[in-house]
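Comments concern the structure below.
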Amino acid sequence: GDGGFGGGGFGGGGGGPNCFAETCDGTDEDCDGIADDGVCTVLQIVGDDLFLAGIYRDSIDGAVFDADGNLYLTGSVSEQANFGDGFVAYQNGYIASFDAGGALRWKYLWGNFGGFTASNHGLAIAVSDDKVCATGSFSGLVSFGGADHQAAGLSDGVVVCLNPATGGYLWDRAFGGSSTDWGGGIAIGVSGDVFVSGAFQNNVDFGGGTIVGAGYSDMFVARWAGDDGGYEWATTIGCTALDSADEIALDDSENVYVSAVQGDTCDFGGGPRTPWDIGGSGVLLALDSTGDYRWDVTHPSLGAVSFRGLGVQSTGNVVAGGNFRGTLNLGGPVVAAETGDSLEALVVSFDDDGNFLWQYTPQGPGGSTVDALAIGTGDEIVATGEFRAGVAFGVTPHTMTAGEADIFVLGLTSSGAYWSDATIGGPSIDGGGSVAIGADSAIAVGAVVGGPIAGHGYNAQGDAILL
């Protein structure tokens with residue numbers, strides 16, 4: 001890597017006889033009496049600490065820092081990809097941990113030679129003092145460290161928890177029925193319990209008995225005990241079409257917030273909600289700590305919204321990122337997308353009762369979307385995704401390097417004001433898919449690239465890079 005993760009998201013400048021450029025490490029190198037000021041507040045991509053280039057598609061779909069600055073990643077990795085300790089053998093889901101200097105601490109893989117191996121995939125990750133847990137999917141016969149699991153359908157969902165220091169197995173829970181099931185979001189509450197969101201088809205058992213689905217796919221939120229994975233509860237919502245829950249976030253009272261997709265008219269608990277865009281429209285759903293309905297936000301007017309990234313600030317305010325097309329109307333200013341029928345990035349905030357607070361959208365005719373966001377210790381917001389030529393996140397429009405889409409990293413203040421941005425791209429389609437902020441304001445972004453980038457060649461159907 002290029003100096004590791006600590007302070008690695010920033011660059012510096014300044015000078016004097018015994019003064020130096022700020023290195024963003026908590027000290028005052030430029031001798032102005034303020035540590036880590038000036039250009040340390042400007043997002044800069046300073047290098048990459050991991051490049052996964054197997055023979056198939058590789059990804060970094062989840063990222064999180066612990067209090068000591070160690071980084072944990074999850075995703076999918078294919079044959080000939082290398083975490084730094086040798087090539088992996090075949091398509092795997094993974095959890096990997098790196099220290100603050102960017103060195104591999106340990107890795108944990110799951111997969112098999114049979115079945116649809118691309119379904120061995122980690123999609124989200126969370127860490128606490130005593131465990132790191134990931135959720136995603138698996139196919140075929142897989143052992144996560146306890147009893148073997150045979151997927152009942154094309155793929156089953158899974159949550160697996162490990163010792164964060166060693167990567168040693170703690171417990172797992174597999175769930176699924178006769179078709180396709182997955183966990184898409186994960187969070188660990190103040191109690192230590194593990195909360196997972198996702199989707200299932202046909203039927204599923206989270207530990208409390210078989211639940212029969214209502215539509216093509218149904219969304220779920222489930223809670224398991226943190227110490228041993230014992231079943232606590234599950235809430236499922238399904239209508240007549242494709243419904244799924246993606247990201248999940250918790251507040252300090254373990255109230256649950258979920259970004260979801262509804263495919264048709266649904267009643268989440270507050271009455272029927274009919275989206276304008278039948279076939280897939282975003283929902284922000286709030287539940288209490290026992291899984292009961294609190295409130296929801298949908299988009300019934302002439303436009304479509306998708307919520308992807310999700311976080312909760314120390315104030316209890318909820319921040320969601322995603323995109324919209326057409327007309328945006330979520331309770332604040334009504335905005336018409338400048339990109340016509342293309343997607344335009346969105347970050348929006350609501351209070352803990354679901355009341356609109358603020359929204360941010362970029363300027364310019366280029367398309368863009370937020371795919372992940374993270375909340376810092378000062379409630380600042382960092383988002384990542386992809387954009388196309390002509391987008392201005394602040395004042396200056398960006399043009400892409402050479403390809404169809406580039407990666408962006410966007411910084412907003414706690415109240416949604418533009419702070420900074422940085423971009424990188426190659427000759428194909430590239431996009432950020434995960435982001436984490438450490439306690440020292442270090443930032444890590446996981447992205448998938450469709451061609452050569454940052455001095456790296458390109459191997460196959462999509463390579464993964466950690467910025």
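FYI, side chains are in, hydrogens and waters are out, and symmetry mates aren't considered; it's all heavy atoms of this structure.
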Is the closest side-chain heavy-atom distance between V194 and W171 below 4.5 Å? yes
Taking the side chain as every heavy atom from C-beta outward, state whether Q313 and V319 have any pair of such atoms under 4.5 Å apart. yes
Closest approach of [X] and [Y], non-hydrogen atoms and distance?
{"X": "G432", "Y": "A447", "result": "CA-CB, 3.8 Å"}
{"X": "G378", "Y": "S414", "result": "O-CB, 4.1 Å"}
{"X": "I95", "Y": "T74", "result": "CG1-OG1, 4.1 Å"}

Answer yes or no: is there an ion pair linking R105 with D99, defined by an N-O contact shorter than 4.0 Å? no
Between D371 and R308 (salt bridge meaning N to carboxylate O under 4.0 Å), is one present in this structure? yes
Under the ring pair (Phe, Tyr, Trp, His ring centres under 6.0 Å) test, which residues partner F83, sequence neighbours left out? Y94
By ring pair (Phe, Tyr, Trp, His ring centres under 6.0 Å), F195 pairs with (sequence neighbours left out) none
From the list L466, I453, D58, side-chain contact (heavy atoms from CB on, under 4.5 Å) partner of F51 resolves to I453
Single hit among I407, I429, D406 for side-chain contact (heavy atoms from CB on, under 4.5 Å) with V449: I407
Would you check, one step at a time, whether the test side-chain contact (heavy atoms from CB on, under 4.5 Å) holds for N120 with S139? CA-CA 6 Å; N120 296 311; S139 64; 4.0 Å; yes
